[in-house]
Participant: 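First the structure, which I've put down as structure tokens, then a few questions once you've had a look.
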Number of protein chains: 2
Amino acid sequence: MGEHGSEHASSNTHGNGNGRREVTVSDVAAAARVSKATAARALGDYGAVSDSVRERVQRAAEELGYRANALARTMTTGRSNTIGIVVGDIENPFFAQATRGAADIADTAGFDLILSNSDEETESEAKAIGVQLAKRVDGLLVAPASSVDIRNLRTIVDAGRPLVLFDRVAEGIEADAVIAANRTGARKLTGLLTSAGHRRIAFISTLLHTDGYRSGEVLGSSSVAERVAGFTTTLAEAGIPRPEAWVRLNARADGVERAAVELITGPDAATAVVASDSRIALAVFRAARSVGLRIPEDLSLVAFDDADWTGLTTPSITVMSQPIHEIGAEAARLLVRRIRGDGGPFVTKVLDQRLIERESVAPPRL
Amino acid sequence: MGEHGSEHASSNTHGNGNGRREVTVSDVAAAARVSKATAARALGDYGAVSDSVRERVQRAAEELGYRANALARTMTTGRSNTIGIVVGDIENPFFAQATRGAADIADTAGFDLILSNSDEETESEAKAIGVQLAKRVDGLLVAPASSVDIRNLRTIVDAGRPLVLFDRVAEGIEADAVIAANRTGARKLTGLLTSAGHRRIAFISTLLHTDGYRSGEVLGSSSVAERVAGFTTTLAEAGIPRPEAWVRLNARADGVERAAVELITGPDAATAVVASDSRIALAVFRAARSVGLRIPEDLSLVAFDDADWTGLTTPSITVMSQPIHEIGAEAARLLVRRIRGDGGPFVTKVLDQRLIERESVAPPRL
DNA sequence: ATGAAAGCGCTAACAT
DNA sequence: ATGTTAGCGCTTTCAT
């Protein structure tokens, strides 16, 4: 046989440690008795190959169990067909849904996903971004842990990788973004409460934040910031003094449920709550139950995100639904476009939220 | 400023398309005026390098903004420090939690995660596995779309990559597995119903399955199979004839809620339901409400998975809680061990489920 | 301790 | 249409 020979000579020290050597284009080429280049062309479906040769090569590949090494390919082409996604926590239904939306688009466009959790901390976010960059992802999707400290994002841009932000924006970074109309959403949601006659309304978020919220203060997450803005403005418009006093951040560190209990009990207790996401709504619901407050008679509750169960509780919960899937999908679409070379100006897409009125709002008790 | 200059000199045909050339060890070596090998040693923290040189190299790397190319490293070492995970659907809370559990362990051990959704179809599962293998992941975590058709899993084993199954097992494949004690769980859950006096009890799963379930039939998902086994055995022990007639599979294709409505209405309606996961429980809950059936007075309901909201509905739902996080984490632990070379016999870890009795079970109406 | 050179598996010029 | 060759960025012998 016209063995091209020498490539089989040495035992290799590399490999996956199971002693087996991966089948390479060279092997296939040898078996099909063509050059490496021709084999590669047939296998990689590029360049020009005669039908007969192509078939011969493919059969050989089949028989040897050839499986292309995507890494080697990336080394020479510079494209990895992989996009990185950094979410706060994949267990959070918001991120799970957004990730799914992104995954579907990515998949269709031929990209795989490397997933990392930042836990909303810039430090682990930095680490995550570091690995993804090292793996030479073609672009990144990130829900930035901070909209203010943009160093991690700058790293990405400096590395020359397209970046699309989702759920949150960041000032001063060259990137597209896909977010929801949080301020408007917050206004509507809060308006429901003020219209019903509430004057003591609390806004609860788990956003990490040291000390209490002060008016005009810059918040780490732009989406929460927007919600807070919508919330306080609406309160102010209703003539409620010191709206910012009703903003409760950092609820995770302190235990959401406990924070909720504090807010809805005592002499100056809130009579209504705006929960910044469905998990917070859950905690508030539990808190209310634990202190014997009925919703909506004793406490009104509205929340962001139409989690699947929000229509099932008694009472069902009035929510501001976000197109979560679409946020992830659209972000992925923008990213793919950038990766493919679109050099247009950066855009920020703002998707509408949708109010779903249910049964958790009533006038306050007198 | 001390611009080092030359790295911008040559145009390169590779790269990320943004015209920028990545900084390589060579560049750093040149800047630090040492050989490539030495620079690599200093950067990669292996081999022997004098302190002074190490420092010089690191400073140069810092200045140039060097970022190791993990792909090139993988090419030569054969290790990618990446593990692949294939789940049914990341949007499903079960998988989101298991993924998080796995991600945490992987992260600690220095591995990244490539995520794919199989949608429980062997075809897209095959595709997903193909890419992950092409990317030379060091090992795979998969919740197999089929416990019966093991070709996709065989591909992995044939490729010499460690494989750990989670949530489901598969016969005849050389792999570890981490599952929950589903049969026992199903027995307990169903027992609650038979003890309460129910005789017409339905089991609902979204597992894809053509035609109705027949006794002894092999099911695609081992976890569902085990639950069905526990369910039918318990009915049989209670003297209920033709237990298998009460097994309703394929509920997703037909619409879970509609399937539920069919089962809980009509002359031979079920008076109790075992939902194979929390999303199904949700649909049953909705179905009951839509046809005006009260839980538990008119219909008893129990389910697998203690989703966060199951304690909040009225009535709260009795569930069999699974250690989902731990399933993913333990699977990742086993995988990491294999990747590190553990050649011991394959194990299947079975984790216990835990019954949480709440308010959704009552005796059937007469 | 450091350097020179080979090679991982692939693609891309450049022949022929 | 096919082959030859060089090279992607790194690690790893093997010298020195």
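In what follows, chains carry the letters A, B, and so on, assigned in the order in which the sequence lines appear, proteins first and then strands, with residues in each chain numbered from 1.
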Participant: Ignoring the backbone of A/S50, work out which of C/dA4, D/dA1, C/dT11 is nearest its side chain.
Facilitator: D/dA1
Participant: If we count only N and O atoms by modelled type, under 3.5 Å, do the side chains of A/D119 and A/S124 hold a donor and an acceptor together?
Facilitator: no
Participant: Nearest to the side chain of B/N69, heavy atoms from C-beta on, is which of D/dT4, D/dG9, C/dA4?
Facilitator: D/dG9
Participant: Assuming nearest nucleotide by heavy-atom distance, tell me which of A/R41 and A/R136 is located more 5' along DNA chain D.
Facilitator: A/R41
Participant: So if I take every side-chain heavy atom of B/T77 and compare against C/dC10, D/dT12, D/dA1, which nucleotide ends up nearest?
Facilitator: D/dT12
Participant: Which of these nucleotides, C/dT11, C/dG9, D/dC10, is closest to any side-chain atom of B/T24?
Facilitator: D/dC10
Participant: In terms of side-chain heavy atoms of B/A48, which of C/dT11, C/dA13, C/dA1 is nearest?
Facilitator: C/dA1
Participant: Any donor-acceptor pair under 3.5 Å linking the side-chain atoms of B/D149 with those of B/T122?
Facilitator: no
Participant: May I ask you to verify whether the side chain of B/R21 and the base of D/dG9 hold a donor-acceptor pair under 3.5 Å?
Facilitator: no
Participant: Within the 3.5 Å criterion, strictly below it, is a donor on B/T82 or B/K135 matched to an acceptor on the partner's side chain?
Facilitator: no
Participant: Taking only side-chain nitrogens and oxygens of B/Y46, does any of them come within less than 4.0 Å of OP1 or OP2 of D/dC10?
Facilitator: no
Participant: Between A/L163 and A/A175, which heavy-atom pair has the shortest distance, and what is it?
Facilitator: O-CB, 3.3 Å
Participant: Select one nucleotide: of C/dT2, C/dC10, C/dC8, the one nearest the side-chain heavy atoms of B/M75.
Facilitator: C/dC8
Participant: If you look at every strand shown and take non-hydrogen atoms under 4.0 Å, does B/A68 touch a base, only sugar-phosphate, or nothing?
Facilitator: sugar-phosphate
